[in-house]
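Keep in mind it's a predicted model, so treat the numbers as computed, not measured. The figures here come from the full heavy-atom set of this structure, side chains too, leaving out hydrogens, waters and symmetry mates. Chain letters run A, B, ... following the sequence lines, proteins first, then strands; residues in each count from 1.
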Amino acid sequence: MVGCLGGLWFGFLARSSSSHANQQEVNVEDSTDAPSSADSSGPNSSEMPATEAQAVEKAPAGELASASAGDQTGPAKTGGEQWGSRIGVILAVAGSAVGLGNFLRFPGQAASNGGGAFLLPYFISLLVLGIPLCWAEWTMGRFGGLKGFNSAPGIFSAVCRSLKARYLAVPALLIPLVIYMYYVVIEAWCLAYAFKYLTGDLMLGDNPDAYGKFFGDFVGSGEDGAILGGTSSLIVFVGITFVINFVLIYRGVSKGIETFCRIAIPMMVVCSLLVLARVLTLPAEKVSEGLGFMWNPDFSKLADAKTWLAASGQIFFSLSVGFGVIINYASYLKKKDDVVLSGLTACGMNEFFEVCLGGLITLPAAFIFLGAAAGDQGTFGLGFTALPNVFAQMPGGQFFGFLWFFMLFLAAITSSLSMLQPVIAFFEEGFGMARPASVSLLGIITLAGSMFVIWFSAGLKALDTMDFWVGTVLIFILAMVQSVIYGWIFGVKRGVEESSHGASFKIPMVVHYMLKFVVPLYLGVIFVLFLYQALPDPVDANGNPVLDDDGVPKLGYLSQIASDRVVQFSLLFIVGTIGFLTAMVHAAGLKWAEQGRLKDLD
Amino acid sequence: MLLMLQESASSDDQATATSEEAAALSQEGAESVAQQAPEVVQEASAETVAMVEVVAPEVVDYSLNGAGIALMGISITTVICLLSFCLYRVLMTPASELD
């Protein structure tokens, strides 16, 4: 399917890129001269000519979004976009990181892995894995941006000084692209739930089965094609969500993403705090039990490797590292922007939403009304079945239910925007496409992918397959690639110097060495353990197969490939998309080579 | 970010869930079982008594305990301090130093 799209679109791309070629080449010639001479001089190679730097310093912040090449800090960015302010980029990166996982996945992971004791491996993972990887991505992203690249293939080429490195960045395009295809559907669930709370359609009483049935019918989990059969209004909400996303992304990095995040993140904080206040003002004894269920420590779990794996995985997935997003966002920074403080602040914001809000709201609220069974619902079950039941029983539940799902919708949209930008940057940079063309192309590709997810809705199998193989396995791989590139190719020396530009404090040296030696190893171990746990068919403590609700043995991801047609289609879809993107990256590299953009890097 | 949305429950998860579900029976329910049990047991065999003992769950007190309060407090305080420090540095840095 995607292969066909690739064929169709290469013709379009060729025409589109040729129409912009003349304009592009002017920028390219300006851009390559400045960095070329400096590139070979080592770590300070991104220094720009003094006159250009002065021009940038005089440019008022916030008015650089559509600046011409000569107005930019770095030498000739194809799209010419930059963040308007430092807090803007921090909010955008935090918005990218904060999503449903902060509110729905983290509490379940903590409660089933030792409660409060889970926070010990969790914070250790944050220090050893999360923050170092964030800093590496911020540093390499800005470095690539200053070399005139905003897309991951270009940034990897600049960092590795070789055009061949662009192929390593294919996952950095694939991951946000494919995740967007199913994430936008989940985003639409949140919007629909918020709307249905406003209309009262979700106040279904205290029968828990009613919420499960509502969710199943709404997302079409009963049979493939159910949503398009007209029995669910989901398709309308998907359409609205698509339009919102693409209108915002069309407006660009500064006017679209940054402006939206500056409004959405504070709104999310307010909505969350209101819901938190409601939860904490329920009868004190129940609140105590709810918080106890989430936070009372079981230190014996610390001896279980599974707890450490869960903590590392939660940190890793929560911070948006290895998604190809941070590296793209950081490429729009100026040379004197503080990547160290900005990265740490974005991490801090993500942790605030996860620990302080997610840890106090979701599971405690669910426990108060549903008991300990609430902890075993999984992400979707907790979010879209258990919590609606909770809000129905809670005084003022209709209003707080609306606030909650509206907040989740905002959290999801700030994340989905971040998934679109890396691919748009690549289309514009690799093929000289103008914004309307790149947005249209991406819109058609993602719409096709989302329709695939919507059609194969039975058991949410297509969504689950994409989430596992792309949204989990490939992220591990990309993060490992990035940490190896940072530690072994970019190098500690260059890393220290690049990250120090404009930094109010320096990254401790030990972190650089951790990125070189510890992080790739740590990630590798987690990855192997994770696959060992997820790929085979699940069995219980006695070695018997784990059964699903219908009494059928659950299958591991390997068995699913062999036996499930939808899983096979989904994997074919992913492989087709990989082929399509690889071909595009190849073509873009040829174009860059032809233009001599990286002639000194090879 | 949204990831690992539909993790398959592992064997340990299953075991934990089962014990938690059993433990989730309310205090009232457990007391009721305890009150009724003697009447039933009067005419029951030793085997039945053993079964009653197995079925009646241990009541778990989920109230927030001291260690839970400490860990919750430390975690939340750590995150808020980190974020406050960062935001203070970001927002208080003069614009001239940024650009």
Side-chain angles (χ1 to χ4, degrees), chain A residues 57 61 86-87 90 97 99-101 105 112 115-117 119 123 183 186 288-289 291-293 295-297 306 313 317-318 320 323 334 336-337 341-342 344-345 348-349 351-352 355-356 367 371-373 375-376 378-380 415 460 464 467 471-472 504 533-534 538-541 546 554 556, chain B residues 1-27 29 57 59-99:
Chain A
E57 299 207 358
R86 180 155 72 165
I87 193 67
I90 290 169
L100 304 190
R105 187 173 187 268
S112 59
L119 273 293
F123 281 122
Y183 198 82
I186 300 166
S288 171
E289 289 184 347
L291 291 174
F293 180 69
W295 288 95
N296 283 350
K306 197 171 142 281
F317 295 131
S318 171
S320 268
F323 275 71
K334 288 166 271 186
K336 289 189 178 176
D337 279 337
L341 183 58
S342 299
L344 194 60
T345 310
M349 278 190 189
E351 293 312 302
F352 174 74
V355 176
C356 302
F367 179 87
D376 190 39
T379 304
F380 286 164
S415 298
L460 302 176
D464 189 36
D467 185 48
T472 308
S504 52
Q533 194 179 62
V539 291
D540 63 18
V546 174
K554 286 186 175 179
Chain B
M1 281 283 181
L2 167 96
L3 286 158
M4 292 297 295
L5 295 166
Q6 294 194 296
E7 289 176 321
S8 303
S10 69
S11 55
D12 287 352
D13 287 339
Q14 288 276 313
T16 306
T18 307
S19 68
E20 285 175 352
E21 281 168 13
L25 288 179
S26 65
Q27 179 74 37
V59 177
V60 177
D61 180 13
Y62 282 110
S63 298
L64 190 60
N65 58 29
I69 292 171
L71 283 164
M72 185 174 73
I74 291 168
S75 302
I76 291 173
T77 306
T78 303
V79 170
I80 289 178
C81 285
L82 170 69
L83 183 58
S84 304
F85 165 76
C86 292
L87 283 177
Y88 176 80
R89 294 290 295 264
V90 168
L91 297 174
M92 293 300 131
T93 308
S96 57
E97 289 182 29
L98 299 181
D99 298 316

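Within 6.0 Å of the CZ atom in B:Phe85, the count of heavy atoms belonging to other residues, nucleotides or ligands exceeds 12.
Residue contact with chain A, scored on non-hydrogen atoms closer than 4.5 Å, involves the side chain of B:Leu82 exclusively. If you measure heavy-atom distances from A:Leu119 to chain B, the contacts under 4.5 Å come from the side chain alone.
Considering only heavy-atom pairs separated by less than 4.5 Å from chain B, the leading option among A:Cys356, A:Gly313, A:Gly115 is A:Cys356. The most heavy-atom pairs under 4.5 Å with chain B, out of A:Ile90, A:Leu341, A:Leu344, come from A:Leu341.
Although no hydrogens or angles enter the test, the distance criterion places a donor-acceptor pair under 3.5 Å between the side chain of A:Ser288 and the main chain of B:Leu64.
Here A:Phe323 contributes atom CZ and A:Ser415 contributes atom OG; the two are 8.5 Å apart, rounded to the nearest 0.5 Å.
B:Tyr62 and A:Phe293 have perpendicular rings, their planes meeting at more than 60° on a 0 to 90° scale where under 30° would count as parallel.
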